[in-house]
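Sequence lines set the chain letters: A, B, ... in the order given, protein chains first and strands last, and positions in each chain run from 1.
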Amino acid sequence: MRLSRYFLPTLKENPAEAQIASHRLMLRAGMIRQGAAGIYSWLPLGLKVLKHIERIVREEQDRAGAQELLMPTIQSADLWVESGRYDDYGKEMLRIEDRHGRNMLYGPTNEEMITDIFRREVRSYRDLPKNLYHIQWKFRDEIRPRFGVMRGREFLMKDAYSFDLTAEDGRKSYNAMFVAYLRTFARLGLKAIPMRADTGPIGGDLSHEFIILADTGESEVFFHKDFDKIDPLADDVDFTGDLQPIVDRWTSIYAATEEMHDAENCPVESADLITGRGIEVGHIFFFGDKYSKPMGASVQGPEGESVNVQMGSYGIGVSRLVGGIIEASHDENGIIWPEAVAPFKVGLINLRAGDDACTKACDDLYAELEKAGIEVLYDDRDERAGAKFANMDLIGLPWQIAIGPRGLEKGVIELKNRATGERVEVSAADAIQKLSA
RNA sequence: CGGGGAGUGGCGCAGCCUGGUAGCGCAUCUGUUUUGGGAACAGAGGGUCGCAGGUUCGAAUCCUGUCUCCCCGACCA
């Protein structure tokens, strides 16, 4: 993509309304613009990142055996009356009335709707287990939205729902999501730690929060240093096999949020305890028949008896992750994207747009990079070098290539790593080879 | 919802106390000189001063109401 044609409205100064790093940087890098409190438009650069995260989340859900569907954003109030949550949910739920006076709502979550879909179609235990998910916009009318997309009112969430005949089987479904989450966050370039969680309004007796570490995170977390020793991506996971050992390995290491941590009775020696800050990006629950019972979601068991299915639900804050990743990965100059989610892999800078030889060298390399399937943002604008460098640092592409007359005389271009700041002079061919690896 | 703060060209702000018809920096457009880490000079365009009432000869400025946004607290992917 040529920057001269791209819609990328970057800001040199910090907008007054943004306080935290991710919010400031997302506005400055031209990723989002605010529509109303907690509601944002996603501009091209921001949308690209959102889609990349979505893709990784989807791939890991599919790998773990979940199946994607898509439910609407607007729901009928009827189902919520049935589950008893229409009154319980309170003002956080955005209630709407249609032209016929029917009570509707903008879905804050989808337990009721998925349970309804399930109960209409599934009759036999032979159809179990099932795990259905979608990636859809939600709305929760937060009392106080803040921190940009980290706590917006409208947000993109992946929510999966598992259905099993027995609690024991439900535990297996839970484990599959547990492991899928570990893999997902690791692929996003994040260090995520599962922590036993309060089950909150969704209810149930088994629940974990997945917290990513970021210095600017909103809550304090405590965990054993042994988490550094395990890599979720080290082994290939067989999701059809027994995942309990993997789950046990992770849950046996101490980790607690501020609320759950008791400094007096902490089982970890202080030398081994790491204190950090974190952001919740995922939450999984097993809640048995909490919804299947009141809503009559049952199947016929092997003995011909009617059994309420055992359910779990599993959320990942997809849009929140965009902010979360930035919180975990930025410096004073801007964003530092992990390669897996970067909007472009490399930024190509023409240091002297008015120079024919320089422009030709840039155009050629741009064409070759595109041909090699490498996503490149080519700054072909007639701007000064300094402005281009600053802009590239701000939007945080993992690699930068700078081409100028000075280097061309020597037959070299400059390749810079955004994360380390390391700069090397290489030939154009070497740069392509390095970026293709 | 309780407490605090702010709405003035696209962005960041000054002006308000002490009313006299709006200014600075950045950005934008034109031209010239420049060109390897947010250039210089010259010129230009762009503002219902959040909105609605009121006071006044006259309101960005004073009064009343209202809307919106931000920050702190309780809640959440």
Item to complete: Measure the distance from NZ on A:K388 to P on B:A39 and round it to the nearest whole Å.
Response: 12 Å
Worksheet item: Any chance the side chains of A:D164 and A:S173 put a donor and an acceptor closer than 3.5 Å?
Response: yes
Please list, for nucleotides 24-33 of chain B, all pairs of protein and nucleotide N/O atoms separated by less than 3.5 Å.
unit_1: B:G25; atom_1: N2; unit_2: A:E13; atom_2: OE1; d: 2.9

Discussion item. Would you say the ring centers of A:H283 and A:F285 fall short of 6.0 Å from each other?
Written reply: yes
Discussion item. Between B:A22 and B:U8, how far apart are the two C1' atoms, rounded to whole Å?
Written reply: 8 Å
Worksheet item: Hey, does A:G324 reach any base, or is it just sugar-phosphate, or nothing, if we go heavy atoms under 4.0 Å?
Response: nothing
Worksheet item: To the nearest Å, how far apart are A:F7 CZ and B:G10 P?
Response: 15 Å
Worksheet item: To the nearest angstrom, how far is A:L94 atom CG from B:C76 atom C1'?
Response: 16 Å
Worksheet item: Tell me, which pairs form a salt bridge (charged side-chain N to carboxylate O under 4.0 Å, His left out) where one or both residues lie in residues 176-191 of chain A, sequence neighbours left out?
Response: A:E59-A:R187, A:E60-A:R183, A:E60-A:R187, A:K191-A:D228
Worksheet entry | Pairwise C1' distance, B:A14 and B:G3 [rounded to whole Å] | 28 Å
Practice prompt. Specify the separation, in whole Å, of atom CD1 of A:I316 and atom P of B:A77.
Written response: 13 Å
Discussion item. By nearest atom, which of the nucleotides B:C1, B:C75, B:G38 is closest to the A:R151 side chain?
Written reply: B:C75
Worksheet item: Quick check, are the ring centers of A:F118 and A:F163 under 6.0 angstrom apart?
Response: yes
Item to complete: Determine the interatomic distance between C1' on B:U32 and the same-named atom on B:C69; round to the nearest Å.
Response: 43 Å
Discussion item. Going by ring pair (Phe, Tyr, Trp, His ring centres under 6.0 Å), name the pairs with one or both residues in residues 56-84 of chain A, residues two or more places apart or in two chains.
Written reply: A:W80-A:Y89
Worksheet item: Can you tell which of B:A77, B:G37, B:G12 lies closest to the side chain of A:E414?
Response: B:G37
Discussion item. Between B:C57 and B:C70, how far apart are the two P atoms, rounded to whole Å?
Written reply: 41 Å
Practice prompt. Among residues two or more places apart or on two chains, list those pairs meeting side chain to side chain donor-acceptor pair (under 3.5 Å) that have a residue in residues 337-347 of chain A.
Written response: A:E339-A:W399
Worksheet item: Paired with B:U64 by Watson-Crick or G-U wobble geometry, both distances under 3.5 Å: which nucleotide is it?
Response: B:A52
Worksheet item: Base, sugar-phosphate alone, or nothing: which one does A:G354 contact when heavy atoms must sit under 4.0 Å apart?
Response: nothing
Worksheet item: Choosing from B:G38, B:G37, B:A77, which nucleotide comes nearest the side chain of A:A387?
Response: B:G38
Worksheet item: Under 4.0 angstrom, heavy atoms only, what part of the nucleic acid is A:A385 near: base, sugar-phosphate, or nothing?
Response: sugar-phosphate
Worksheet entry | Rounded C1' spacing from B:G43 to B:A6 in Å | 35 Å
Fill in: Within 6.0 Å of CZ in A:R95, more than 12 heavy atoms from elsewhere
yes
Worksheet entry | Touch class at under 4.0 angstrom, heavy-atom based, for A:R423 against every strand present | base
Worksheet entry | Counter-base of B:A14, judged by Watson-Crick or G-U geometry with both distances under 3.5 Å | none
Worksheet item: Taking the nucleotide of RNA chain B with the closest heavy atom to each, which residue, A:N14 or A:Q400, is nearer the 5' end?
Response: A:N14
Discussion item. Tell me every residue that passes ring-ring contact (aromatic ring centres under 6.0 Å, His included) with A:H261, counting only those two or more places apart in sequence or in another chain.
Written reply: A:F222, A:Y254
Worksheet item: Should B:C1 form a Watson-Crick or G-U wobble pair with both distances under 3.5 Å, which nucleotide is its partner?
Response: B:G73
Discussion item. I want to verify a distance call: between B:G38, B:A77, B:G36, whose nearest atom is closest to the A:R140 side chain?
Written reply: B:A77
Worksheet item: How far, in whole Å, is B:A27 from B:C41 if one measures between their P atoms?
Response: 12 Å
Worksheet item: NA contact type, A:G315, heavy-atom cut-off 4.0 Å: base, sugar-phosphate, or nothing?
Response: nothing
Discussion item. Over all strands shown, is A:P405 touching base, sugar-phosphate only, or nothing at heavy-atom distances under 4.0 angstrom?
Written reply: base
Practice prompt. Take the protein atom CD of A:E425 and the nucleotide atom C1' of B:G36, then report the distance between them rounded to whole Å.
Written response: 11 Å
Discussion item. According to salt bridge (charged side-chain N to carboxylate O under 4.0 Å, His left out), does anything in residues 391-400 of chain A pair up with another residue at least two apart or in another chain? List the pairs.
Written reply: A:D393-A:K416, A:D393-A:R418
With 3.5 Å as the limit, what N/O pairs link the protein to nucleotides 70-74 of chain B?
unit_1: B:C70; atom_1: OP1; unit_2: A:Q34; atom_2: NE2; d: 3.1
unit_1: B:C70; atom_1: O3'; unit_2: A:E17; atom_2: O; d: 3.4
unit_1: B:C72; atom_1: OP2; unit_2: A:R144; atom_2: NH1; d: 3.3
unit_1: B:C72; atom_1: OP2; unit_2: A:R144; atom_2: NH2; d: 2.2

Item to complete: Would you list the pairs meeting side chain to side chain donor-acceptor pair (under 3.5 Å) in which at least one residue belongs to residues 43-53 of chain A, sequence neighbours left out?
Response: A:K48-A:E375
Worksheet item: 5'-most contact on RNA chain B: A:R28 or A:V281, nearest heavy atom basis?
Response: A:R28
Worksheet item: What orientation do A:F210 and A:F185 show, parallel under 30°, tilted 30 to 60°, or perpendicular over 60°?
Response: tilted
Worksheet entry | Watson-Crick/G-U partner (both atom distances under 3.5 Å) of B:C41 | B:G31
Practice prompt. Quick one: look up who B:A22 pairs with, Watson-Crick or G-U, both distances under 3.5 Å, and put none if it's unpaired.
Written response: none
Discussion item. Using atom P in both nucleotides, what's the gap between B:C24 and B:G15 to the nearest angstrom?
Written reply: 15 Å
Worksheet item: Can the ring centroids of A:Y6 and A:F344 be said to lie less than 6.0 angstrom from one another?
Response: yes
Discussion item. Between P on B:G38 and CG on A:D382, what's the gap in Å once rounded to a whole number?
Written reply: 17 Å
Fill in: Partner nucleotide of B:G9 by Watson-Crick or wobble geometry (both distances under 3.5 Å)
none
Item to complete: Return the value, rounded to whole Å, for the distance between atom CE of A:M157 and atom P of B:A77.
Response: 8 Å
Can I get a per-line list of side-chain donor-acceptor pairs under 3.5 Å for residues 428-437 of chain A, giving both atom names and the distance, sequence neighbours left out?
unit_1: A:D430; atom_1: OD2; unit_2: A:S427; atom_2: OG; d: 3.4
unit_1: A:S436; atom_1: OG; unit_2: A:I432; atom_2: O; d: 2.6

Discussion item. Taking the P atom in each of B:C63 and B:G7, what is the distance between them to the nearest angstrom?
Written reply: 15 Å
Item to complete: For A:Y161 and B:A77, give me the distance from atom OH to atom P, rounded to whole Å.
Response: 12 Å
Worksheet item: When all nucleic acid strands are considered with a 4.0 Å heavy-atom cut-off, which category describes A:E142: base, sugar-phosphate, or nothing?
Response: base
Item to complete: Go through B:U34, B:G37, B:A77 for me and flag the one nearest to the A:F389 side chain.
Response: B:G37
